[in-house]
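Predicted model, so just to flag it, every value in this text is computed and none were measured. Both counts, for ligands and for their atoms, begin at 1 and track the order of listing.
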Amino acid sequence: MAHKKRMLGLLGFVGAGALALGLAGCASGDGGEAAAGEGELISVGFVAVGPEGGWREANETNIQDTFTEDAGFDLKYAPATNLDQKSQIDAFTSFVDEGVDVILLSATEASGWEDSLARAQEAEIPVVLLDRGIEPDDPSLYVTRIAPDNLVVAEAVGDWAVSAFPEGANYVVLEGPAGVGVVNERNEGWDTAVEGSNLVKVDAQTANWSAEEGKSVMETLLKANNNDIQLVFAQNDEMGLGAAQAVEEAGLTPGVDVKIATIDGTLAAMEALAAGTLSFVHEYNPLFGETAIDVVEKALAGESVESYIIVPSEAFDSPEAAQAALPDRKF
Ligand code: AHR
């Protein structure tokens, strides 16, 4: 995938070379003032994922805690029903029909959004992607995507794995659900890093972001490979923590016999890293509500915004690093 122009989200916005928002960016018509009149609240339709795990809860709570009435917003939260895309498309359509000023979208599925995004553009309602990208990716259909860079994050996990196993290792990948954009991005980043190394991919299976499935899938993989697995790349914390349980129940020691690397950086994973149960945790920073507000205000004012805003995220590669970070963790 061509790497789009990116910037660190917390650095703010640039004018030159950025995506102009004349088309759908302003609901005010002449692009000169924000959509809502003086003193009116800006109406925001949040097409959300809903209950999915610790990362999602942190992200969606942060968005709701940031887009408050005191901040000038009327946020309408619409979580998916059981992660079902149709319920998201229905909510998206309702927001367009209602004529909200802006739509925030965290997509449960990467594909299938063309019609919805075209309708929003026709209604001159700007759409901001939170976390999840869309496929095919057409930046003319949305204002920007705000997310940590999955390619960079997953490549950093792969680089750590290569350095941790210079003589090689058998590894498995526990993936998020098929069809979710970040899963493909994380596989691409990891594969880039481990290409040409001594690491051997034994298997890859989805465990649907869940600890329970992470444990059951890992149990199966250990049995199928006579416990000859030394490394797990779990694409989120919950699956990695579940895998650690399976490793222990197989009579092996996580962090010693099997090193487990995860993405998200939730509290449970950081505590597990501090205890040596996990071996590497890359944060996928969910706390970007302030950046999202900046984007919404710029979009409604017809100002330019980069088409992909990267949220900085840290890597933690030792118990000491986790112990030092834990007092300041916010999710
Ligand atoms: O899209 C981000 C992913 O979705 C997180 O890594 C995972 O925990 C969440 O469910």
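- Checked against a 3.5 angstrom limit, the closest N/O atoms of N236 and ligand 1 fall inside it.
- Using a 4.5 Å cut-off between side-chain heavy atoms of Ile, Leu, Val, Met, Phe, Trp and Tyr, with links allowed through other members, L83 and I63 fall into different hydrophobic clusters.
- Remark: ligand 1 and D264 share an N or O pair separated by less than 3.5 Å (distance only, no angle test).
- The local environment of CD in E212 is sparse, with at most 12 non-hydrogen atoms from other residues, nucleotides or ligands closer than 6.0 Å.
- Taking the side chain as every heavy atom from C-beta outward, Y77 and E60 approach each other to under 4.5 Å.
- No N or O atom of Y284 sits closer than 3.5 Å to an N or O atom of ligand 1.
- Of all atoms in ligand 1, numbered sequentially from 1 with element shown, those under 4.0 Å from a heavy atom of V182 are 1 (O).
- Nearest protein heavy-atom neighbour of atom 4 (O) of ligand 1: R132 NH2, 3.0 Å.
- What sits closest to atom 10 (O) of ligand 1 on the protein, heavy atoms only, is E52 OE1, 2.7 Å.
- Listed by number with element, the atoms of ligand 1 under 4.0 Å from a non-hydrogen atom of D131 are 1 (O), 2 (C).
- Close approach of ligand 1 to R56 is summarised as follows: ligand atoms under 4.0 Å from at least one heavy atom of the residue are 1 (O), 2 (C), 4 (O), 9 (C).
- More than 12 heavy atoms of other shown residues, nucleotides or ligands fall within 6.0 angstrom of atom NZ in K201.
- Close approach to W55 involves these atoms of ligand 1, each under 4.0 Å from a residue heavy atom: 8 (O).
- A donor-acceptor pair under 3.5 Å links the side-chain atoms of D138 to the main chain of S140, judged by distance alone.
- Surrounding CG of D97 are more than 12 heavy atoms belonging to other residues, nucleotides or ligands, all under 6.0 Å away.
- Only the side chain of R186 comes within 4.0 Å of ligand 1, counting heavy atoms alone; its backbone N, CA, C and O stay farther away.
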- Mind running ring pair (Phe, Tyr, Trp, His ring centres under 6.0 Å) on W160 and F233 for me, showing each step along the way? CA-CA 11 Å; W160 166 82; F233 170 33; 10.0 Å; no
